[in-house]
Amino acid sequence: MSKWSYDLHIHTALSPCASDDMTPNNIVNMSVLKGLDVIAITDHNSCNNAQAVIKVGFDKGLKVLPGMEVQTQEEVHLLCLFGDIDRAMGFQDILYKTWPYLPNDPQLFGEQLIFDDKDNIIGKEDRLLLTSVNMSIEEVCYHVTEREGIVIPAHIDRQSYSIISNLGFIPETANFTLVEISKDCDFDELRKKYPYLKNYYPIINSDSHSLGSIMEPIHFLTPHHLNLLRTVMKKIR
């Protein structure tokens, strides 16, 4: 396939801020209905629903990457994408071991639902996922890269939880190549404000927390995208 339509930032109902109807089958069916070729499951600080979505996606001919949206010590959101579920879960194991436990309050933050591939609820994550983990940006990059994953600073154009809003710059030590921008962001204007962004290549995702906001197939992974994503994409090409 010469080009893929994509959405590499989708939350399931495991993320307490996502709709409860963000189940594996609903997400895959909506993505197929919209004509997407590849998606990534990126719940907050967890990938416990990725396996079920991968299974449903495989049955429906949709490519699914496992990942998560990590909130670092600096309160910066980073997309962490992996080539297979074992590497993703290996990173989660390290994350959970170093991350202080705080219980979730479902009435305050929302349920954190874990599904099987039939959309049955098989568990609830009792650890509050909407907190900062005990890892810096550099530490997250190290552990993800060690597992042949890729790290992408999330929604850098936003005023909260973005690497630019929180740090005011992008640390060169993190070795980022891609940066995520929102659908309505004018990257040329953003580069005028932050000239150092000329060193990064933008990728547009939905950051979907509801079915209707999953990306329309109007953006495609270019050869340059595929080259930068080659480590994680090689498993599903």
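Quantities reported herein were computed from a predicted structural model and do not represent experimental measurements. Computed from heavy atoms alone, side chains included, the values below leave out hydrogens, waters and symmetry copies.
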task = For Asn48 and Gln92, run side chain to side chain contact (heavy atoms under 4.5 Å, CB included): C-alpha distance rounded to whole Å, both residues' side-chain angles, the deciding distance at 0.1 Å, then the answer.
result = CA-CA 9 Å; Asn48 282 334; Gln92 177 175 291; 2.8 Å; yes

Report the distance from atom [atom1] of [X] to atom [atom2] of [Y], rounding to the nearest 0.5 Å.
| X | Y | atom1 | atom2 | result |
| --- | --- | --- | --- | --- |
| Leu102 | Asp126 | CG | CG | 11.5 Å |
| Thr42 | Asn49 | OG1 | CG | 12.0 Å |
| Met68 | Leu79 | CE | CG | 11.5 Å |
| Glu75 | Ile137 | CD | CD1 | 11.5 Å |
| Tyr201 | Asn227 | OH | CG | 11.0 Å |
| Leu128 | Leu108 | CG | CG | 8.5 Å |

Residue pair [X] / [Y], side-chain heavy-atom distance below 4.5 Å:
| X | Y | value |
| --- | --- | --- |
| Ile170 | Tyr194 | no |
| Ile121 | Thr23 | no |
| Leu81 | Met233 | no |
| His155 | His9 | yes |
| Tyr200 | Pro202 | no |
| Ile163 | Pro171 | yes |
| Val70 | Val144 | no |
| Pro66 | Ile54 | yes |

Can you name the closest pair of heavy atoms from [X] and [Y] and give their distance?
| X | Y | result |
| --- | --- | --- |
| Trp4 | Lys63 | CZ2-CE, 3.8 Å |
| Leu229 | Ile152 | CD2-CD1, 4.4 Å |
| Met135 | Ile94 | CE-CG2, 3.4 Å |
| Pro153 | Leu78 | CA-CD2, 3.8 Å |
| Pro24 | Val56 | CB-CG2, 4.0 Å |
| Met22 | Phe115 | O-CE1, 4.1 Å |

N/O donor-acceptor pair under 3.5 Å between [X] side chain and [Y] backbone:
| X | Y | result |
| --- | --- | --- |
| Asn45 | Val133 | no |
| Thr12 | Leu14 | yes |
| Ser5 | Gly35 | yes |
| Asn120 | Ile122 | no |
| Ser162 | Ser165 | yes |

Between [X] and [Y], is there a shared hydrophobic cluster once you connect ILVMFWY residues whose side-chain heavy atoms come closer than 4.5 Å?
| X | Y | value |
| --- | --- | --- |
| Leu113 | Phe109 | no |
| Leu62 | Ile85 | yes |
| Phe169 | Ile181 | yes |
| Phe82 | Leu226 | yes |
| Leu190 | Leu167 | yes |

task = Output, in order, the C-alpha distance, side-chain angles, deciding distance and verdict of side chain to side chain contact (heavy atoms under 4.5 Å, CB included) for His44 and His77.
result = CA-CA 9 Å; His44 290 289; His77 284 188; 3.9 Å; yes

Between [Y] and [X], do the side chains contain a donor N or O and an acceptor N or O under 3.5 Å apart?
| X | Y | value |
| --- | --- | --- |
| Asn134 | Gln73 | yes |
| Glu138 | Tyr142 | no |
| Asp119 | Asn25 | yes |
| Asn205 | Glu180 | yes |

ask   = Can you check side chain to side chain contact (heavy atoms under 4.5 Å, CB included) on Tyr6 and Ile203, steps first, answer last?
value = CA-CA 10 Å; Tyr6 69 93; Ile203 191 165; 3.4 Å; yes

task = Go through Asn166 and Glu74 one step at a time and tell me if the side chain to side chain contact (heavy atoms under 4.5 Å, CB included) criterion holds.
result = CA-CA 7 Å; Asn166 283 27; Glu74 301 90 346; 5.7 Å; no

Residues which pass salt bridge (Lys or Arg N to Asp or Glu O under 4.0 Å) with Glu172, listed by chain and number, not counting sequence neighbours = none

query = Going through the checks in order, is the side-chain hydrogen bond (donor to acceptor under 3.5 Å, both in side chains) test met by Gln71 and Ser132?
reply = CA-CA 5 Å; Gln71 182 173 312; Ser132 293; 2.9 Å; yes

Within 6.0 angstrom of [X] [atom1], more than 12 heavy atoms from elsewhere:
| X | atom1 | result |
| --- | --- | --- |
| Lys60 | NZ | yes |
| Lys183 | NZ | yes |
| Phe58 | CZ | no |

query = Restricting to pairs with a member in residues 206-218, which pass salt bridge (Lys or Arg N to Asp or Glu O under 4.0 Å), not counting sequence neighbours?
reply = Lys34-Glu216, Arg158-Asp207

query = Would you call the rings of Tyr96 and Trp99 parallel, tilted or perpendicular if under 30° counts as parallel and over 60° as perpendicular?
reply = perpendicular

message = I'd like to know whether Asp43 forms a side-chain hydrogen bond (donor to acceptor under 3.5 Å, both in side chains) with Gln112, so could you lay out the CA-CA distance, the side-chain angles of the two residues, the decisive distance to 0.1 Å, and finally the verdict.
response = CA-CA 10 Å; Asp43 284 307; Gln112 300 179 152; over 6 Å; no

inquiry  = Assess whether a salt bridge exists between Asp59 and Lys55, defined as any Lys/Arg side-chain N lying under 4.0 Å from an Asp/Glu carboxylate O.
reply    = yes

